[in-house]
Structures are given as C-alpha cells and as structure tokens.
Amino acid sequence: MDTLPASKLRVPARSHLQVSAENKRDCPRHRKLWTHPWSYSVSIRMHLVVSQFMLVRALLLLALLSLPGALRAEGTPAEKPGFASRLTIYLAKGAPDACGPGCDRWIAIEGQIDQDAASRIRRFLAGVKDLQRPIYLHSPGGNVEQSYVIARLLRSRKAIARVGRTIATACAAGTQIDAACQKIKNGNGEVEAELSTYHAMCNSACGYLFLGATSREVAPDAALAVHNSRLILRFQGNPPPEVVAEARRRRIAGADRDRAAFIAAMGISRELDALISTVKFENLHVLTRPELYRFGIDTRPLAETMWRLEKGARPFISKIAAVKKENDASFRTMEWRLYCENKKRVPLMFAGEIDASAAGKKTILIAASADMSKQAGGPPVRFGKYEVWNGAVDPDMVKAVLASHSLQVRETTPEPEGRADVTSFNIDTTGLASVWTQLGTSCTSVATGPAKPWPANSLQPTPWTDSPWTAGGALPNVSATPAAAPAP
C-alpha cells in the first residue's frame with residue numbers, strides 16, 4: 001500500500017495519546033507523564049499536528065483501500081473488435097507441420113487479459129505435461145498485473161511462444177469469438193484448427209506475457225506492439241484533489257518500477273522499458289525487426305513467415321523473410337511468390353529491399369535443396385527502394401522445390417579488382433506442398449482469359465513494392481495511431 005511509514009513522521013512515541021485527563025490519571029502506563037504538566041502540553045501540541053496529518057493520511061488510506069486501482073495496458077477500442085473479452089486457452093491440432101517441422105499440436109492463448117486470467121492459465125497448464133508444445137498468442141492486451149503473473153508461469157515452464165492466430169475449423173466463417181465458437185474452444189479435448197501469423201498481434205500487456213517465454217518468435221507479418229499503461233483509480237466518496245493526485249502519482253511511480261524490474265528479470269534490454277515510457281497510452285508502437293533483435297526479444301538473424309495463399313484475381317503463394325545484415329543489426333525484408341502455372345511454366349518472383357551499402361549490379365540465384373542443379377535467377381530490376389526479379393521455372397524445378405526442405409538463396413554483388421561479395425541463406429519450405437495444392441484449386445476457379453505476357457507491365461510497381469508485407473491489405477490497426485480512449 002502506498003502510504004507514508006510511521007517511522008518517517010519523527011514524532012515522539014508518546015505523542016499519539018488521545019485519552020482524557022481522567023483516563024490518564026487512572027492509567028498506570030501514563031501516570032508518570034501526567035505528573036509533568038509540560039509533558040501534557042507538549043503531548044497535546046504534537047497530537048494536534050499528528051491529527052492534521054492523520055486526517056489526510058486517513059483519507060488517502062480510505063481512497064486506496066476502498067477500491068484498489070487497476071493498471072491496464074489494454075488495447076484501445078479500435079483494436080478490440082474480433083477479440084473475446086476474456087483470455088481463452090485451449091489445445092489445438094492442425095495438419096502435419098502446421099506449427100513447424102514435425103509439429104502439428106500447439107496451445108492457443110487469445111483474447112483480452114482479464115483480472116482472473118492468471119488462475120485459469122495456471123490450472124490449464126498444470127494438466128499439460130508436454131512442455132515442448134509451442135504457445136501461439138493473439139491478444140490486444142489487458143490487465144498488466146495478470147500478464148506479469150502469467151509471464152512468470154511461462155518462464156517456469158521454459159515455454160516456447162509465438163505470435164499467431166489460431167482459427168478453429170468448426171467455427172462459423174468470419175468469426176472466432178461468438179458463443180458457439182467459445183463453447184468449442186472451452187470444451188475438453190483438442191480443437192481442430194489452422195494457424196496463421198498474418199495480421200496476428202500481441203499488443204500492450206500481451207507483450208509482457210510474451211516476454212515470459214524462454215523462446216520467442218515474431219513472424220515478419222505479425223505485430224508486437226507496446227505503449228504506456230493506463231491507470232484506473234476508483235474512489236468512494238469525494239476525496240480532496242490533492243489526495244487523488246498523490247495516490248495517482250504514487251501508483252504510477254510504483255507501476256513504472258514494477259515494469260522496469262519485470263523487464264530486467266526477463267533478461268530484456270532496458271531500452272524496451274525506456275521506449276515504453278515514451279509511448280502514450282492512446283498510441284501504439286509496433287516494434288521493428290531491429291528493435292526485436294536489439295532488445296533481446298526475438299534474436300533470430302533470419303525470421304520467416306509461413307507459406308501463405310493469397311486469393312484474388314491472380315492467386316499466388318508467398319513467403320516473407322527478414323534477414324539480418326552481417327555487419328550491423330539492420331534487417332532486409334524479402335518476399336518470394338509463386339503464381340499459377342501457365343503453359344508448363346510457373347511464374348516466380350523475388351523482391352527485396354535494396355541494400356544501400358551494396359555497390360554494383362547484384363545477381364540472385366535460387367536453388368532447390370533436393371536438387372541443386374535446379375536453379376533460377378538473374379539480375380533484379382530496381383523499383384524505388386526495392387529490387388525485383390521476375391522469371392519462370394519449369395515443372396521439374398517445381399517438383400524439386402516441393403521435395404526440398406529449403407530453398408538456397410545466393411546474392412552476388414561484384415566488387416573492385418574482380419572480387420565479389422556473396423551472401424547466402426536458406427528459407428524453409430515446410431508447408432509449401434500443402435499451399436501449392438490449394439493454389440492449384442484457386443487457379444482453376446479463376447476465370448481464364450486470353451494469355452498475357454507476365455508481368456503485364458514490368459515497368460509498373462507490383463503491389464509488393466507499394467507495401468512489401470501486405471499483399472492482401474495493411475497490417476492491423478496497430479501500425480497506425482488508434483482512436484483515442486478517454487482517460488479514467
């Protein structure tokens with residue numbers, strides 16, 4: 001409780017007496033005090049001083065004890081649509097490799113973090129003995145204190161946490177939070193589901209929960225966003241403004257200390273705490289890939305999305321990767337796309353942010369790990385701050401790619417004196433075969449027209465160059481300033 005300790009009042013021990021003269025005469029404990037008139041007068045004077053202080057202190061205690069303040073780093077109203085009002089946890093089961101190589105089962109945690117969330121999570125996890133099951137989070141935030149408790153619970157389990165949406169297949173299309181769907185998720189047993197990191201979010205207090213895991217992954221098409229917390233204080237009666245202001249000041253100062261201590265205990269850089277303190281509650285800051293890496297949240301030098309089907313007038317499948325540069329903590333975002341087959345050839349596109357530090361004309365080469373002789377690539381064309389390579393691969397290379405566990409990507413940039421700078425890395429093909437089958441179905445459902453050269457106009461920027469990670473729309477509202485929420 002935020003009150004001033006009695007030891008700091010510097011008042012004589014006897015100055016608290018509040019008894020009448022008659023009572024003092026009859027009280028052996030105070031008889032000696034009564035034999036000295038000056039002691040009484042001093043006692044009275046000190047009593048008056050203390051009484052005035054104790055009146056203010058009593059009001060403060062009454063205010064703080066009546067209804068405790070709640071600290072929330074909740075999402076603003078603009079973010080809450082699409083989320084249940086209570087945190088939900090359940091077991092999910094998907095297709096083979098749905099949550100990574102050899103992984104088809106996971107734990108879903110989604111919705112707003114309510115004031116009883118920690119006890120439910122603790123009871124649920126007590127019955128889950130498999131500590132290797134990854135946990136996928138999708139939440140706009142909520143109660144901060146509860147998120148701290150859950151985070152420490154995850155730390156004790158050495159949990160694996162990722163930001164991702166769990167989509168229950170038995171629920172009605174377009175919703176995952178209606179009463180029927182919540183009944184399915186809160187029932188016993190595993191829920192048949194699909195996973196998607198696209199537009200998934202872990203905001204505000206969810207971020208603290210996420211930090212509790214010992215292994216943390218944020219895909220390039222997901223968002224981890226932070227902002228300062230909002231303090232909700234409720235008072236009974238009508239305490240003086242100075243009491244309210246003091247209670248709020250003390251509570252906020254305590255919350256700031258708690259946050260800093262929690263972040264440090266999770267092994268995260270103090271830079272995160274400093275950043276959070278600068279972001280108003282009405283706003284949200286999406287942590288960038290360099291920040292995720294620098295703060296120690298997601299320290300992978302290569303972060304990838306799942307292979308994803310994008311339906312539309314021209315369906316395609318895509319994967320996005322953020323690759324760390326060797327010499328510093330900055331990252332380049334890249335994307336690969338495969339389109340519908342056209343006369344025994346499959347259009348393939350690679351696009352990436354231009355490395356401003358690289359000089360000379362670069363060449364990109366993509367090879368299938370199952371058969372390194374199956375290759376495609378060439379010099380990319382620049383479109384603004386991006387470089388794009390458009391080409392086509394034959395069915396044999398497609399088969400080799402689908403049979404591979406990875407694609408090897410090699411970028412070569414000429415340097416003076418005949419030397420060359422070569423950068424290579426592998427991107428995962430897990431899940432590609434399944435999505436490729438879905439693409440075939442989507443392609444046959446699209447009305448066919450006369451054959452057109454691909455791309456239709458190579459001089460026009462592709463949708464990717466307008467927004468590299470949003471082929472089907474923008475990131476969640478978290479990337480923009482949410483609507484303001486009235487302060488309590």
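For the single chain, residues carry numbers from 1 onward in sequence order. Computed over heavy atoms, backbone and side chain alike; hydrogens, waters and symmetry mates excluded. Quick caveat: nothing in here was measured; it's all calculated off a predicted structure.
Proximity of a side-chain donor or acceptor of S204 to a complementary backbone N or O of C206 within less than 3.5 Å is not detected. Using a distance-only test at 3.5 Å, with no hydrogens or angles considered, a donor-acceptor pair links the side chain of S139 to the main chain of G111. A donor-acceptor pair is defined here as one N or O able to donate and one able to accept, closer than 3.5 Å; no such pair exists between the side chain of E310 and the backbone of F316. Listed for the W307 side chain is no donor-acceptor partner under 3.5 Å among the backbone atoms of S434. Between the side chain of K324 and the backbone N or O of D328, at least one donor-acceptor pair lies under 3.5 Å. Put simply, the side chain of D298 gets close to the backbone of V218: a donor and an acceptor are under 3.5 Å apart. Using a distance-only test at 3.5 Å, with no hydrogens or angles considered, no donor-acceptor pair links the side chain of N426 to the main chain of S406. The backbone N or O of L211 sits less than 3.5 Å from a side-chain atom of R216, completing a donor-acceptor pair. In this structure, the side chain of T444 engages the main chain of T441 through a donor-acceptor pair within 3.5 Å.
L292 CG to F331 CZ: the interatomic distance, rounded to the nearest 0.5 Å, is 8.5 Å. Note that OG1 of T169 is 10.5 Å distant from NZ of K93, once rounded to the nearest 0.5 Å. Note that CG of L209 and SG of C202 are 6.5 Å apart. Values are rounded to the nearest 0.5 Å. Taken from CG in L302 to CZ in R332, the straight-line distance is 12.0 Å, to the nearest 0.5 Å. Atoms OH and CD, on Y148 and Q146 in that order, are 12.5 Å from each other to the nearest 0.5 Å. How far CD1 of I113 is from CG of L87: 6.0 Å, rounded to the nearest 0.5 Å.
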query = Given V279 and L284, is the side chain to side chain contact (heavy atoms under 4.5 Å, CB included) satisfied, shown in steps?
reply = CA-CA 7 Å; V279 183; L284 279 170; 5.8 Å; no
inquiry  = Run the side chain to side chain contact (heavy atoms under 4.5 Å, CB included) test on I150 and Y208 for me, step by step, so that the C-alpha distance in whole Å, both residues' side-chain angles and the decisive distance to 0.1 Å come before the verdict.
reply    = CA-CA 9 Å; I150 299 172; Y208 301 131; over 6 Å; no
task = Could you go through the side chain to side chain contact (heavy atoms under 4.5 Å, CB included) check for E194 and R165 one step at a time?
result = CA-CA 8 Å; E194 298 177 356; R165 294 186 297 132; over 6 Å; no
ask   = Given H405 and T430, is the side-chain hydrogen bond (donor to acceptor under 3.5 Å, both in side chains) satisfied, shown in steps?
value = CA-CA 7 Å; H405 58 78; T430 300; over 6 Å; no
query = Can you check side chain to side chain contact (heavy atoms under 4.5 Å, CB included) on Y386 and E353, steps first, answer last?
reply = CA-CA 5 Å; Y386 306 107; E353 292 177 295; 3.7 Å; yes
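There is no side-chain donor-acceptor pair under 3.5 Å between T166 and H138. Q182 and T88 are linked by a side-chain donor-acceptor pair at a separation below 3.5 angstrom, with hydrogens and angles left out of the test. When only modelled atom types and interatomic distance are considered, E291 and H285 share a side-chain donor-acceptor pair under 3.5 Å. Looking only at atom types and distance, the side chain of T197 has a donor-acceptor partner in the side chain of D221 under 3.5 Å away. A donor-acceptor contact closer than 3.5 angstrom is absent between the side chains of S85 and Q112.
N143 places none of its side-chain heavy atoms less than 4.5 Å from the side chain of D114. With contacts defined as side-chain heavy-atom distances shorter than 4.5 Å, the pair R152/L154 does not qualify. Side-chain contact between V323 and V409 is absent, with no heavy-atom pair separated by less than 4.5 Å. Between I177 and F83, every side-chain heavy-atom pair lies at or beyond the 4.5 Å cut-off. Side-chain contact check for R105 versus L91: every heavy-atom pair is 4.5 Å or farther apart. Put simply, the side chain of T305 does not reach to within 4.5 Å of the side chain of Y198, judged on heavy atoms. Contact annotation: the side chain of L348 approaches that of I366 to within less than 4.5 Å [non-hydrogen atoms, C-beta and beyond]. Counting heavy atoms from C-beta outward, L153 and V149 have side chains that stay 4.5 Å or more apart.
Heavy atoms only, all atoms of each residue included: T429 and S404 are closest at OG1-O, 2.5 Å. Closest approach of D104 and C99 over heavy atoms only: N-SG, 3.5 Å. Residues P220 and A303 share a closest heavy-atom pair of CG-O, 3.3 Å. Residue F281 comes nearest to S229 through the heavy atom pair CD1-C, 4.3 Å, listed as atom of the first residue, atom of the second, then distance. Shown here for A92 and R133, the closest heavy-atom pair between the two residues is O-NH1, 4.4 Å. Annotation for A265 and R155: closest pair O-NH1, 4.0 Å, computed over non-hydrogen atoms.
By the ring-ring contact (aromatic ring centres under 6.0 Å, His included) test, F295 pairs with no residue at all, sequence neighbours left out. By the ring-ring contact (aromatic ring centres under 6.0 Å, His included) test, Y90 pairs with no residue at all, sequence neighbours left out. Taking E271 as the reference, R294 meet the salt bridge (charged side-chain N to carboxylate O under 4.0 Å, His left out) condition, with sequence neighbours excluded. Legend: residues meeting salt bridge (charged side-chain N to carboxylate O under 4.0 Å, His left out) with E304, ordered by chain and number and at least two apart, are K319.
E217 has a carboxylate O that lies under 4.0 Å from a charged side-chain N of R162, or vice versa, which qualifies the two as a salt bridge. The existence of a salt bridge linking K185 and E110 is confirmed by a sub-4.0 Å separation between a basic side-chain nitrogen and an acidic carboxylate oxygen. Using a 4.0 Å cut-off between charged side-chain N and carboxylate O, R270 and D273 make no salt bridge. Salt bridge status for E145 with R251: present, with a side-chain N to carboxylate O gap under 4.0 Å.
Open room surrounds NZ on K158; 12 or fewer heavy atoms of other groups in view lie less than 6.0 Å from it. Within 6.0 Å of CG in N238 there are 12 or fewer heavy atoms belonging to other residues, nucleotides or ligands.
Applying the disulfide bond (SG atoms under 2.5 Å apart) rule to pairs touching residues 107-176 yields C171-C181, sequence neighbours excluded.
When each of L439, L402, L407 is tested with L432 by the rule side chain to side chain contact (heavy atoms under 4.5 Å, CB included), just one qualifies, namely L402.
Aromatic ring pairs are classed by plane angle as parallel below 30°, tilted from 30° to 60° and perpendicular above 60°; the pair Y136 and W106 is perpendicular.
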Anything under 3.5 Å between a donor and an acceptor, one on a side chain of residues 123-130, the other on a protein residue two or more places apart or in another chain? List them.
from : atom 1 : to   : atom 2 : distance (Å)
K129 : NZ     : A126 : O      : 3.0
D130 : OD1    : Q132 : N      : 3.0

